[in-house]
Amino acid sequence: MITAVFFEEYLSRGLIFGALLVYFKHHKWRVQLSILLSALLFSLSHLMNLFNQNAMQTLNQMIYTFAFGCLVGMLYIRSGSLLIPFLAHCLLNFPSFLYSSSSLATAPVTLKTILMQTFMLSIFLVYTFIFINNDEKRHYQF
C-alpha cells in the first residue's frame, strides 16, 4: 500500500501537477486547470481496475478518485509538500487495504453510492474554484 501510494502521489502531484503548473504558467486559471487535469489523469489511471471489478465499481472509483485528486492537489498547493497528500492518500486507502479480501471489496454499487460520490466531487470542485485565490502566490510558488 505504501509503495503504491508513494508512486501515485509522486507521479500525479509531483511530476504531472508540477508540469501542468509550468505549462499553464501564464494562464489566469493556472492552478485550477493544473488541479483538474492532474486529478483527471489520476482518475483515469484507475481504469485498469476493470480487470478486477465490474464497470460500475470502476466508474464509482473513478468519480471519487477524481474528487480526491482535486482535494490532494489543494493539500499539495497549501502545504508545498508531497508529505501531506501522501498521508491523506494512505488514510483513504487504509480501509480498502484492510478489507480487500472481504465482501466489502466486491459490494455492488448502487445509485445512492454514485450520488454520494458525485456530491463529494461537487464539494471538492467548488472548493477548488472558490477557495483557491490566484493572488495567493505564496501557496504555489513551484
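The first residue of the sequence shown is numbered 1, and numbering continues consecutively from there.
In this structure, NE2 in His27 is found 10.0 Å from CD in Gln32, a value given to the nearest 0.5 Å. Between Leu59 atom CG and Met62 atom CE the span is 7.5 Å, to the nearest 0.5 Å. Taken from CG in Leu33 to CG in Leu21, the straight-line distance is 10.0 Å, to the nearest 0.5 Å. Here the straight-line distance linking atom OH of Tyr76 with atom CD of Glu9 works out to 10.0 Å at 0.5 Å rounding. The NE2 atom of His46 lies 4.5 Å from the CD atom of Glu8; values are rounded to the nearest 0.5 Å. Put simply, OG1 on Thr65 and CG on Asn60 are 9.5 Å apart, with the number rounded to the nearest 0.5 Å.
The shortest heavy-atom contact between Ser79 and Pro85 is OG-CD, 4.3 Å. When all heavy atoms are compared, the tightest approach of Ser12 to Ser38 is O-CB, 3.8 Å. The shortest non-hydrogen separation linking Val72 to Ala88 is CG1-CB, 4.2 Å.
A heavy-atom distance below 4.5 Å is found between the side chains of Leu36 and Phe66. Contact check for Leu40 versus Leu44: side-chain heavy atoms found under the 4.5 Å cut-off.
Checking side-chain atoms of Ser34 against main-chain N and O of Arg30 turns up a donor-acceptor pair under 3.5 Å.
Looking at Val31, Leu37, Leu15, Ile35 one by one, the single match for side chain to side chain contact (heavy atoms under 4.5 Å, CB included) with Leu20 turns out to be Leu37.
Ring pair Phe42/Phe68 is tilted by interplanar angle, where 30° to 60° counts as tilted. Using bins of under 30°, 30° to 60° and over 60° for the plane-to-plane angle, the ring pair Tyr10/Phe6 lands in the parallel bin.
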